[in-house]
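Only one structure is covered here, and it is reproduced in the block below.
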Amino acid sequence: MDSGYAAGALRVSDAERDEVVGRLQEAYAEGRLDHDEFDMRAHLAMTSKTRDDLAAVTRDLAPVRGHAGGALELAEPTGEDRMLAAAAHAVAVPTLFVGPLVLMLVSGKRSEYIRRQAREAVNLQVTLLLITIVTFGVGGALYAVTWILSFIAAVFALSGRGFRYPWILRLVK
C-alpha cells in the first residue's frame, strides 16, 4: 500500500499559480507566446489543481534560472541576494516606495528573488499611500504597523524565505 503521493499529484496554491502566470507574462513579453495562447495558458494556470497540471502550462517554455525539469521551486538565493532583498524592505521605512522601486529596477534584473521581495515592498508602500490619500491622512497611522511588518519581512528575506504582505494591492507586477 502506497501511503505517499507523487509530488506532481499535490494540489497547488494561489501563490504557485501566480508564479506561473508571472512566467507566462514574461514569455509573452519576450515574444514566445502570442496573445491568444497567453490567454489560454493563463486560464489553464489559474484553474490548475495539481503541480502536474501547472507544470504542463510552461513545459515548452525556456527555463528560468532556478527552474529545472518543470519544478516550481526557485534556486536558493545567494547571500548578496538575501541582503539586497532585506534592504528593499528596510529602506521602505524612510523612503516609502522609492527605495524598493530603485532596488527592484536595478538589482531585480539579475535576481528574481530580489525582484519579488522589492516588488512586495513597493506594493505595500503604494497601498498605504493610497489609503492615506483616500482617508485624508487618517490612514497614515498604519505606517507604524508597517515598520513592524517591514522588519519581519527583512528577517524573512535575510533567511532566504519569501515574504508576502497580507491585504495589499499588488499593482506592481
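Worth knowing before you read on, the calculation uses all heavy atoms, side chains too, and leaves out hydrogens, waters and symmetry mates. Sequence positions, counted from 1, serve as the residue numbers for this chain.
- Here A45 pairs with V20, V21, L24, L54, V57 under the side chain to side chain contact (heavy atoms under 4.5 Å, CB included) rule; sequence neighbours left out.
- With sequence neighbours left out, the side chain to side chain contact (heavy atoms under 4.5 Å, CB included) criterion links T135 to I131, V138.
- A heavy-atom distance below 4.5 Å is not found between the side chains of L129 and V126.
- Applying the under-4.5 Å side-chain rule to Ile, Leu, Val, Met, Phe, Trp and Tyr, the cluster around L158 extends to M83.
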_L130 and L171: CA distance, side-chain angles, deciding distance, side chain to side chain contact (heavy atoms under 4.5 Å, CB included) verdict_ = CA-CA 11 Å; L130 290 173; L171 300 173; 4.0 Å; yes
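- I152 and Y113 fall into different hydrophobic clusters, where Ile, Leu, Val, Met, Phe, Trp and Tyr residues are linked whenever their side-chain heavy atoms come under 4.5 Å apart, directly or through other members.
- The other residues sharing a hydrophobic cluster with V91 are L84, L103, I114, where clustering joins ILVMFWY side chains under 4.5 Å apart.
- Under the 4.5 Å side-chain heavy-atom criterion for ILVMFWY residues, no single connected hydrophobic cluster contains both F163 and F151.
- One distance of note links CD of E80 with OG of S107; it measures 7.5 Å at 0.5 Å rounding.
- For F97, there are no ring-ring contact (aromatic ring centres under 6.0 Å, His included) partners two or more places apart in sequence or in a different chain.
- Side-chain polar atoms of H43 and D39 form no donor-acceptor pair below 3.5 angstrom.
- In terms of the side-chain hydrogen bond (donor to acceptor under 3.5 Å, both in side chains) criterion, Q25 has no residue partners (sequence neighbours excluded).
- Residues passing the side-chain hydrogen bond (donor to acceptor under 3.5 Å, both in side chains) test with D14 are R17, sequence neighbours excluded.
- Using a 4.0 Å cut-off between a side-chain N of Lys or Arg and a carboxylate O of Asp or Glu, R41 and D60 qualify as a salt bridge.
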*What do the steps show when you test R23 against E112 for salt bridge (charged side-chain N to carboxylate O under 4.0 Å, His left out), and what is the final call?*
CA-CA 11 Å; R23 176 62 190 117; E112 181 60 28; over 6 Å; no
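- Considering CZ of R11 and OG of S48, their distance stands at 11.0 Å, rounded to 0.5 Å.
- Residue pairs meeting the side-chain hydrogen bond (donor to acceptor under 3.5 Å, both in side chains) criterion with at least one member in residues 88-104, sequence neighbours excluded, are H89-Q117, H89-Y165.
- Here the side chains of E37 and Y28 are not in contact, with every heavy-atom distance at 4.5 Å or above.
- A donor-acceptor pair under 3.5 Å is absent between the side-chain atoms of T58 and the main chain of L61, judged by distance alone.
- In this structure, V12 and E19 have side chains that are not in contact, with every pair of non-hydrogen atoms separated by 4.5 Å or more.
- Minimum heavy-atom separation, P100 to A118: O-CB, 3.6 Å.
- Each side-chain hydrogen bond (donor to acceptor under 3.5 Å, both in side chains) pair with one or both residues in residues 118-134, not counting sequence neighbours, appears once here: E120-R170.
- Not counting sequence neighbours, the partners of S13 by the side chain to side chain contact (heavy atoms under 4.5 Å, CB included) test are A15, E16.
- Judged as a side-chain hydrogen bond (donor to acceptor under 3.5 Å, both in side chains), not a single pair has a partner in residues 136-162 (not counting sequence neighbours).
- Hydrophobic clustering of Ile, Leu, Val, Met, Phe, Trp and Tyr side chains at less than 4.5 Å, counting indirect connections, keeps M46 apart from L10.
- In this structure, V93 is not a member of the same hydrophobic cluster as L142, with clusters built from ILVMFWY side-chain heavy atoms closer than 4.5 Å.
- Among residues two or more places apart in sequence or in another chain, the side chain to side chain contact (heavy atoms under 4.5 Å, CB included) test is passed with D52 by T50.
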